[in-house]
2 protein chains.
Amino acid sequence: MTETANDRSLKTTVTTLRIVELLRERDGAGVTEIARELDIAPSTAHTHVTTLEAQEYVVKEGDTYHLGLRFLGLGNFVRTRKRKFGKAEHYTNVLSEESERRSIFTVEEHGRGVYVHTAPGKHGVWTQSTVGKRVYLHSTASGKAILAHMPTARVREIIDRVGLPKETEQTIHDEEALFDELAEIRERGYALNVEEQISGVRAVGAPVMGPDGDVFGALSVAGPSNRMKGEQFDRLTEVLLGIAEELELSIALS
Amino acid sequence: MTETANDRSLKTTVTTLRIVELLRERDGAGVTEIARELDIAPSTAHTHVTTLEAQEYVVKEGDTYHLGLRFLGLGNFVRTRKRKFGKAEHYTNVLSEESERRSIFTVEEHGRGVYVHTAPGKHGVWTQSTVGKRVYLHSTASGKAILAHMPTARVREIIDRVGLPKETEQTIHDEEALFDELAEIRERGYALNVEEQISGVRAVGAPVMGPDGDVFGALSVAGPSNRMKGEQFDRLTEVLLGIAEELELSIALS
DNA sequence: TAGTCGTTTCGCCTCTCCCGAATACCAGTT
DNA sequence: AACTGGTATTCGGGAGAGGCGAAACGACTA
């Protein structure tokens with residue numbers, strides 16, 4: 001599951017990247033801390049981190065090293081790389097206003113869902129942005145919407161790669177159950193997430209298809225369970241589907 | 001001037017990072033192209049790029065490799081890492097509205113200026129975001145505002161490291177001239193950029209000081225030269241200085 | 001002043017990364 | 001179908017680079 005058995009990956013590069021990841025998680029770290037955490041010699045950690053600093057990917061503040069703003073440029077680049085992403089940003093905002101719920105545009109990469117654009121709901125005081133967050137496809141509304149419109153072979157590949165880990169009691173854990181649900185989603189046109197990722201939170205997701213017929217991503221709205229049911233919910237779904245369609249159209253015309 | 005001869009930088013890591021940089025510049029590339037450009041063997045380029053792919057930092061589309069969305073998370077992290085950056089974002093937007101000019105919040109890192117937040121002017125159709133862009137400090141309004149409030153020793157360090165390259169005919173190229181201007185900037189409280197970075201573009205920049213007395217960054221507005229002069233310009237400066245002060249206050253109170 | 005904990009330097013040994021050659025692949029072209 | 005030029009990819013071996021450990025250095029405490 002965690003594989004790196006026989007491949008020819010560059011160990012040096014891998015440790016460098018692990019350090020980058022660690023610096024994000026810890027919001028900066030010292031040499032010893034890095035060494036302890038990654039099980040390498042302090043001197044080794046030191047070499048890596050100074051290399052990163054010389055390349056200006058890391059800044060040193062006192063004795064702790066932090067990720068530098070060079071990543072800002074890279075992040076901004078990948079976000080604006082595809083013109084379609086720009087369209088998606090606009091409609092994510094529209095969706096947030098019309099639904100008054102937290103809205104997200106997600107795409108698939110390496111078998112995971114990645115939040116590309118997010119917009120807070122009216123009530124939302126989401127202090128910290130979740131752009132770039134990676135989630136599982138099988139436990140989120142947008143993720144399931146995406147899976148539902150992928151070739152079955154691809155879905156199986158993804159399951160093999162990342163598995164179907166349980167995040168809450170409601171998370172779909174069984175492959176057959178998942179495929180059944182995906183069929184259902186295809187029929188009705190949207191996907192649900194009933195506390196499958198986070199207890200107390202429900203979401204609705206709609207696929208966004210590209211002009212080639214491949215699924216491009218998904219739009220979703222989320223909120224506390226008690227504000228996501230009944231006729232209120234039906235209205236939400238309608239708004240969501242409408243905007244997803246507008247986005248598809250807008251993409252097709254560009 | 002260019003490089004660190006005798007240091008113990010990890011060559012493997014450095015080439016990996018050069019590849020990342022190349023993939024951004026070219027917006028994706030194939031193995032041969034990378035090898036040619038960085039003067040390494042194709043097989044080597046291949047190993048690097050597959051390592052990056054295995055770590056999910058790069059995606060393969062056909063036979064070309066692209067930067068992946070993992071950088072989105074890193075970029076978002078560094079942008080939101082400091083609470084102060086959040087404040088700056090708000091006031092950058094306010095500045096853009098009140099000045100009706102393109103507004104930018106810049107901080108210094110590794111002797112360069114980095115755009116952390118940008119907001120388009122009223123007329124601006126800046127299609128592509130310049131967040132994360134790296135500029136010289138000596139040829140920009142915000143940059144000079146920052147330099148003016150740094151310890152002199154630090155300024156000299158920076159000049160030694162990055163030099164004073166000419167970007168237009170107006171760029172300050174001489175160290176003494178620069179120090180004279182910095183003194184002037186300190187006196188009047190704001191910095192000017194009269195077509196020193198881009199011909200036809202002028203800008204005004206104001207420092208944003210932190211509570212500790214260190215300079216935290218700078219706010220600036222920019223526009224075509226003919227819309228940046230006379231009494232119109234005086235009003236701009238006033239607005240700019242006012243908002244910079246508000247930002248300083250807001251930071252001090254948090 | 002001694003003691004502790006962290007970072008940084010440096011020489012050495014080994015392991016890994018880089019190269020080159022061979023192979024696989026693909027799309028035109030004859 | 002065979003040939004061709006252009007790619008990507010695999011793989012073995014040699015040289016050089018990266019990782020380790022020891023020791024020096026520096027900051028802070030008792």
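Convention: sequence-line order gives letters A, B, ...; per-chain numbering from 1.
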Exercise. For B/E56, check side chain to side chain contact (heavy atoms under 4.5 Å, CB included) against everything at least two apart and list the hits.
Key: A/H110, A/R134, B/R70

Listing, residues 77-87 of chain B side-chain donor-acceptor contacts under 3.5 Å, not counting sequence neighbours, or none:
| from | atom 1 | to | atom 2 | distance (Å) |
| --- | --- | --- | --- | --- |
| B/T80 | OG1 | B/N76 | O | 2.8 |
| B/T80 | OG1 | B/F77 | O | 3.4 |
| B/R81 | NH1 | A/D27 | OD1 | 3.3 |
| B/R81 | NH1 | A/H66 | ND1 | 2.8 |
| B/R81 | NH2 | A/E61 | OE2 | 3.2 |

Quiz item: Is there a side-chain polar atom (N or O) of A/Y65 under 4.0 Å from OP1 or OP2 of C/dG6?
Solution: no

Quiz item: Is a side-chain donor-acceptor pair under 3.5 Å present for A/Q197 with A/S139?
Solution: no

Exercise. Scan for salt bridge (Lys or Arg N to Asp or Glu O under 4.0 Å) pairs involving residues 138-151 of chain A, sequence neighbours excluded, and state none if there are none.
Key: A/K144-A/E181, A/K144-A/E196

Quiz item: Quick one: B/K60 NZ to C/dC25 C1', roughly how many Å, whole number?
Solution: 11 Å

Practice problem: Using atom NE2 of B/H46 as one end and atom P of C/dC25 as the other, report the distance to the nearest whole Å. | Solution: 13 Å

Practice problem: In whole angstrom, give the distance that lies between atom CD1 of B/I19 and atom C1' of C/dC17. | Solution: 13 Å

Quiz prompt | Summary of side-chain hydrogen bond (donor to acceptor under 3.5 Å, both in side chains) pairs that have at least one residue in residues 245-254 of chain A, sequence neighbours excluded | solution = none

Quiz item: How would nucleotides 13-30 of chain D be written as a contact map, 5' to 3', with B for base contact, S for sugar-phosphate-only contact and - for no contact, using protein heavy atoms under 4.0 Å?
Solution: ----SSSBB---------

Practice problem: Check side chain to side chain contact (heavy atoms under 4.5 Å, CB included) between B/T152 and all other residues, then give those that pass, not counting sequence neighbours. | Solution: B/R156, B/F179

